[in-house]
Amino acid sequence: MTTTTTRAAKKAVPESRYVPEDGLLLDVEDLHVEFHTADGIAKAINGVSFQLRQGETLAILGESGSGKSVTAQAIMGILDMPPAVIPEGKIRYCGQDLLTMDPEVRRKTRGPEISMIFQDALSSLNPVFPVGWQIAEMFRQHRELNKSDAMNEAVRLMERVQIPAARERVKAYPHQFSGGMRQRIMIAMAIALDPAVLIADEPTTALDVTVQAQIMALLEELQEERKMGLILITHDLGVVADVADRIAVMYAGRLVETADILPLYASPAHPYTRGLLESIPRLDQKGQTLAAIGGLPPNLMRIPQGCAFNPRCRMAQDICRQDRPELREIVSGRFSACHFAEEVIDA
Amino acid sequence: MPEVILEAKDLVKHYPIKTGIMRRTTGHVKAVDGVSFELHKGETLGIVGESGCGKSTLGRLIMRLEEPTAGEVVFEGLEMQKASTGDMRKLRRDIQIVFQDPYTSLNPRMTVGDIIGEPFEIHSEVVPKGGRRQRVQELLDLVGLNPEHINRYPHQFSGGQRQRIGIARGIALNPKVLVCDEPVSALDVSVQAQVVNLMEKLQDELGLAYIFIAHDLSVVRHISDRVGVMYLGKMAELGTEDEVYEHPTHPYTQALLSAVPVPDPTLRGKREQIVLVGDVPSPANPPKGCRFHTRCWKAQEKCKVEEPQLIDRPDGQGAHRSACHFAELRTIVETVDVTQVEPDDRFAGTDVRDPSDAEAAADVPAPESVNEHVAQDRNLPGDATTMVQNDEGAPDRREI
Amino acid sequence: MTEPATEAIAQQQSTGSLDARGDVGDARSLWSDAWRAMRRNPMFWISATMIAVFILMSVFPQLFTSTDPARAILERSREKPSSEAWFGRNIQGYDIYARCIYGARASILVGLLTTISVVLVGGAVGVFAGYKGGWVDSLLSRIGDVFFAIPLLLGAIIVLVSLPRSTNYWFIILKVVLALTVLGWPSIARLMRSSVIQVKPNDYVQAARALGASPWRVIRSHILPNALAPVIVVSTINLGGYIAAEATLSFLGIGLQSPAISWGIDISSAIVGLRTTPHMLLFPSLFLSLAVLAFILLGDVVRDALDPKNR
């Protein structure tokens, strides 16, 4: 037992990794992503900037088509290019720009440095190999462990993510596990090489609510233990409220609001965030009147002029239809991309 | 209390498991295993449960899309399973269904007019031929869509709009009961609220009774008058919204409620979380006695042997139906009554129209080629071959 | 709610009321979308033109040549291409160009008729098996497997030999069609069956059942239109295959026989001069290959149009 803990502790921050003193792991600056298709150019991300520090949980919140998953894929470097094109922007990991990095070097960062969990564990695991083998393969490739050591590590990891009877089930295939257990296996694979940054793309959306709670608890625990920077991509305001330190709200490929979790829920500074919060039914309220944000998110091929949210915004004025509001600091630590952010925040 | 319009009596649905080349039946998946409830006129009965609990099968049994292994559904005194073909035809007008997936619930090769008009084709006595088109347009208007879009095809609409079309088809024949199988689970939060509001409005105007099947406990609380909680093919608890959410007595209900995330970070760490151990057992081989005993922290010897009945048990305030030998109130959710609170209409509204649709005849969904890339791993309906794939990730899409 | 699902929905939702395009608001059925996509594809025009020419050839061969293909000028046997006989003359002294033109009729007839009957028989069996399921499906599928197991040529030879002999052109054509149908229906039946099984569980089919629609109505307006696309694609490609099969049978002497005119017969009779007079072989073979190619190309184009993912 003691040996495993020291080993784990030693690995928690590998010596080779240089983390800047301020703990800044990831610095995304003015990221743009476009999809060039036969029908035109879809602007999926239009200038997104954010930072992630060691031990921090940043939630990227957005509805479908907001660009939140594309952001994650751009950071991971798993976008299909083409059709995707990154015309502008920087993604710095510990000071180094991933986008200008040699592809071979960058590939090697996936796993030991930045790692990702997907929503659909079943399609993310290879159905023809036992799960233990798949986890062990990570160690054999990146750490050059021999077969039996790698397998032992796999078992240890499976135990760590609380898979019961891990040693017996190490040879089982993905389809023999339940949805929750598969997600645990995915998590085991993602943290196998002690990444500094973990991106979780809707990790619990496909799961039942009781299992969802278990998985979120596990993720939180692992993040605490390994001091990972965690990016949680989700559409679920409830899940975010439970785990995130900071939130970035995305709409039509831009951040419309970023803030620490408490102030954001207490007084949103963007009409979109505000509308979202009012449109979700709450378990702890009765007699609630649901208010809906009318309309639909814009077509990414024809994003409205001015503020992208203006056709759905009840506060929209002429200025909103002409000038696009930049993300600006409203109060210390709180950013909003709305011309009337001050009024919204006080409302 | 208003009169009972539909009653399920001890419904059972077992699916045979066939193995080997001889296709011998080697067991049964007990999807629904003895479920009884009643539905009153004009009310909403919510059915919640996790995937595999049998709630979707229950909906299909009520629709008589499948024949139950045992038990019966009684609609206005008429036993559906014994109904003659003629009676059944008439019955179909009174019970209709809305499906979960707006992408597979509308025939991609038919126009919206044909889809909503199909009920009138089948039940040609309801509206004379000449008046059908107008009736379809009225229905489109009723569900908040632009009546001029009658000749469009489903893929020209968004998910939320398609769900409205599905609802229009469901209410076309003026049914008394509408079974809604996860009608909003596939929709985005902001669109979900629009559809929920529309459903509430339609209920008020048309006096419909809903059976609202969903896995989202918050949505069910919002829309339901009474709620049934299902676990592994059985009803664990059944009561009014207040009873189930504020006075839950079944441990499963309590665990379920405690697991639902609440969008309020100030409650972080303050809410009691009951973490259930293990997974839901297979419905092919459910535990003996109480189905929940393998995961229950209160389980005793008795629970492993004797199956608890769904009967009235005290809940600290009154009594409601619960299937637990040791039913006991445990308050999980501190409820705030916000009936009087008006939503802040500066940011969101309660209008059920679909503004994007109503104001402009100018909406074209992004071409499929774009969707392909942005929506990485979802097959979009485009033709027969891609159409038929369903999303595997969705919980409870098609349980057996 | 699942993210991929919702992402997709959002894309669909991304309609935006600020749409600037003018052609909005009109109804675009999936068929018309496919047609539009097809028209944009140059391969469609190439293959469609080729097919149109072949069909014209088979209906009005006189349009292409005024030479009688049955006029044998034996003394000019094996003559090389010249301004008088563009493709030269074959061993009997027939004009090869005229023979190529007139030979199209047999090929196109066999191709079209076989495709029609295979789609009707196979389609009906497939829909029935897929819709009914259970033992009906098992029985029909096994019967299909039996036919599927017979090699095409061998089976066709058996069928053709066992049918009464005749020199009537139409009778022989129909015999060949029958032989190819007997052996060809299972592939379409299989395809149709799996397609129906995929479409059947869709909610719109369930919704129609819930409305009390009759099985016939469900099949006609919900299942068939949505299950048809793969069958159309494969049938188009198969059509080319049947043309080749007809030529093969005629080549072997069990399909059409002289004095009927078919590319297969001409290829067969040209074999003798393979080294000395290759033009006798070249031109009928070229026509045959082009005809087969045209249908296979069209099938590809249709598939691309019906399946937006391949675009």
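All chains are named by letter (A, B, ...) in the order of the sequence lines, taking the proteins before the strands, and each is independently numbered beginning at 1. Just so it is clear, the model here is predicted, and its values are computed rather than measured.
When the candidates B/Glu118, B/Met63, B/Arg169 are compared by the number of heavy-atom contacts under 4.5 Å with chain C, B/Glu118 comes out ahead. Between chain B and the options C/Gly212, C/Ala210, C/Ala207, C/Ser138, heavy-atom pairs under 4.5 Å are most frequent for C/Ala210.
B/Asn107 pairs in a side-chain hydrogen bond (donor to acceptor under 3.5 Å, both in side chains) with only one of the listed residues (C/Asn202, C/Asp203, C/Asn226), which is C/Asn226.
Using a 4.5 Å cut-off between heavy atoms, B/Met110 touches chain C through its side chain atoms alone. At a 4.5 Å heavy-atom cutoff, the contact between B/Ile97 and chain C is made by side-chain atoms alone. For a residue to count as touching a neighbouring chain, one of its non-hydrogen atoms must lie under 4.5 Å from one of that chain's; by this rule B/Leu91 does not touch chain C.
Remark: C/Arg190 is positioned above the aromatic ring of C/Phe148, its terminal NZ or CZ atom under 6.0 angstrom from the ring centre and at most 45 degrees off the axis.
With hydrogens and angles left out, the side-chain atoms of C/Ser235 and C/Asn238 include no donor and acceptor closer than 3.5 Å. If you check the side chains of B/Gln161 and B/Arg164, you find no donor sitting under 3.5 Å from an acceptor.
For C/Phe44 and C/Trp35, the gap between ring centers is short of 6.0 Å.
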